[in-house]
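In what follows, residues are counted from 1 in the order of the sequence shown. Note that ligands are numbered from 1 as they come in the structure, with each ligand's atoms numbered from 1 the same way.
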Amino acid sequence: MDCIFCKIVNGEIPSYKIYEDDMIMAFLDINPYAPGHTLIIPKEHTLDITTINKETLNHLMDKARDIAKLVNEKLDAPGYTLIQNNGFVQEIKHFHLHIIPKYRKNYELDVKDVYEKITQ
Ligand code: 5GP
Ligand code: ZN
């Protein structure tokens with residue numbers, strides 16, 4: 001299937017991966033709204049909130065708490081937002097949850113440097 005996120009799961013497209021298990025994967029967004037912008041996806045292809053199976057969704061949301069805590073602590077972000085797009089506002093047609101750290105002041109950092117901060 002011609003899906004960018006399936007290719008990321010398969011390693012055909014590189015990514016800054018910060019978490020992986022049997023069901024899900026989390027990696028840094030290539031075009032972040034803010035440093036630490038992370039996407040969490042199911043490894044198995046599925047379109048959106050209407051098609052993801054409950055077991056996978058529950059697991060993904062459970063891990064999202066831990067991943068958000070890790071990302072925000074490593075980057076000293078005082079808050080964060082979770083969003084998930086469906087329908088025409090969804091650019092990539094493979095379910096993904098966004099974790100978007102929020103900073104009180106404007107803060108910019110390259111994705112590569114963010115990755116090093118999170119994984120060190
Ligand atoms: P959506 O609008 O579908 O909820 O968001 C898709 C997100 O995927 C965007 O924030 C975009 O920057 C990100 N994205 C698109 N292509 C790639 C890619 O090849 N690698 C990574 N890491 N993120 C991507
Ligand atoms: Zn896919």
Side-chain angles (χ1 to χ4, degrees):
M1 186 189 295
D2 197 21
C3 168
I4 289 175
F5 287 177
C6 283
K7 287 182 178 166
I8 285 178
V9 171
N10 297 333
E12 290 169 58
I13 294 178
S15 67
Y16 287 108
K17 180 165 67 185
I18 59 175
Y19 179 78
E20 179 177 24
D21 63 27
D22 289 351
M23 278 188 183
I24 64 164
M25 186 172 159
F27 53 91
L28 296 177
D29 195 294
I30 206 171
N31 188 20
Y33 293 163
H37 183 167
T38 299
L39 303 174
I40 311 180
I41 66 171
K43 286 188 166 176
E44 192 176 276
H45 183 89
T46 192
L47 174 62
D48 64 13
I49 195 76
T50 67
T51 60
I52 188 169
N53 74 59
K54 267 190 191 173
E55 188 196 357
T56 307
L57 179 63
N58 288 343
H59 177 69
L60 189 149
M61 291 305 295
D62 184 38
K63 290 294 172 189
R65 293 196 295 196
D66 300 340
I67 296 164
K69 186 168 186 284
L70 170 80
V71 168
N72 288 283
E73 280 180 2
K74 294 279 187 179
L75 294 168
D76 289 324
Y80 59 92
T81 299
L82 303 181
I83 56 164
Q84 186 270 320
N85 291 320
N86 302 277
F88 85 99
V89 289
Q90 181 184 6
E91 179 199 346
I92 307 291
K93 303 296 188 193
H94 180 135
F95 179 101
H96 51 282
L97 178 70
H98 297 253
I99 300 171
I100 306 175
K102 300 285 171 165
Y103 302 92
R104 291 200 172 92
K105 291 182 184 161
N106 188 36
Y107 176 43
E108 286 179 25
L109 196 62
D110 280 353
V111 175
K112 184 173 172 296
D113 295 332
V114 168
Y115 179 73
E116 278 166 16
K117 265 186 181 268
I118 292 171
T119 53
Q120 79 193 358

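- Tyr80 has its ring centre no less than 6.0 Å from the ring centre of Tyr103.
- No part of Phe88 comes within 4.0 Å of ligand 1, judged by heavy-atom distances.
- Taking the six-membered ring for Trp and thresholds of 30 and 60 degrees, His98 and Tyr33 have nearly parallel ring planes, at less than 30 degrees apart.
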Test side-chain hydrogen bond (donor to acceptor under 3.5 Å, both in side chains) applied to Asp21 and Tyr19, step by step
CA-CA 7 Å; Asp21 63 27; Tyr19 179 78; 2.8 Å; yes

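- Atom CD of Glu12 sits in a crowded spot, with more than 12 heavy atoms from other residues, nucleotides or ligands closer than 6.0 Å.
- Close contacts between ligand 1 and Ile8 involve ligand atoms 20 (N) [criterion: under 4.0 Å to a heavy atom].
- The ND1 atom of His45, the Zn ion (ligand 2) and the SG atom of Cys3 define an angle of 110° (nearest 10 degrees).
- Around NZ of Lys69, the count of heavy atoms belonging to other residues, nucleotides or ligands within 6.0 Å does not exceed 12.
- Considering backbone and side-chain N/O atoms, Glu91 comes within less than 3.5 Å of an N/O atom of ligand 1.
- Atom 22 (N) of ligand 1 has as its closest protein heavy atom Leu28 O, 2.9 Å.
- Near Asn85, the atoms of ligand 1 lying under 4.0 angstrom from a non-hydrogen atom of the residue are 1 (P), 2 (O), 4 (O).
- The atom name of the N/O/S atom in His94 closest to the Zn ion (ligand 2) is ND1.
- Checked by distance only, ligand 1 and Ile4 stay at 3.5 Å or farther apart across all their nitrogen or oxygen atoms.
- Salt bridge Asp2/Lys7: present, at least one basic N to carboxylate O contact under 4.0 Å.
- With respect to atom 17 (C) of ligand 1, the closest heavy atom belonging to the protein is Ile30 CG2, 3.7 Å.
- Among protein heavy atoms, atom 13 (C) of ligand 1 sits closest to Asp29 OD2, 3.3 Å.
- At a 3.5 angstrom cut-off on N or O pairs, His96 counts as close to ligand 1.
- Checking only distances, Phe27 never comes within under 3.5 Å of ligand 1, N or O to N or O.
- By the 3.5 Å distance cut-off applied to N or O atoms, Leu39 is not counted among the residues near ligand 1.
- Using cut-offs of 30° and 60° on the angle between ring planes, the pair Phe27 and Phe5 is perpendicular.
- Under a cut-off of 6.0 angstrom, the local environment of CD in Glu116 is crowded, with over 12 non-hydrogen atoms contributed by other residues, nucleotides or ligands.
- Shown in contact with Gln90 at under 4.0 Å from a heavy atom are these atoms of ligand 1, numbered in order with element: 3 (O).
- In Gln84, neither the side chain nor the backbone holds a heavy atom less than 4.0 Å from any atom of ligand 1.
- Less than 4.0 angstrom separates some heavy atom of Val89 from each of these atoms of ligand 1: 2 (O).
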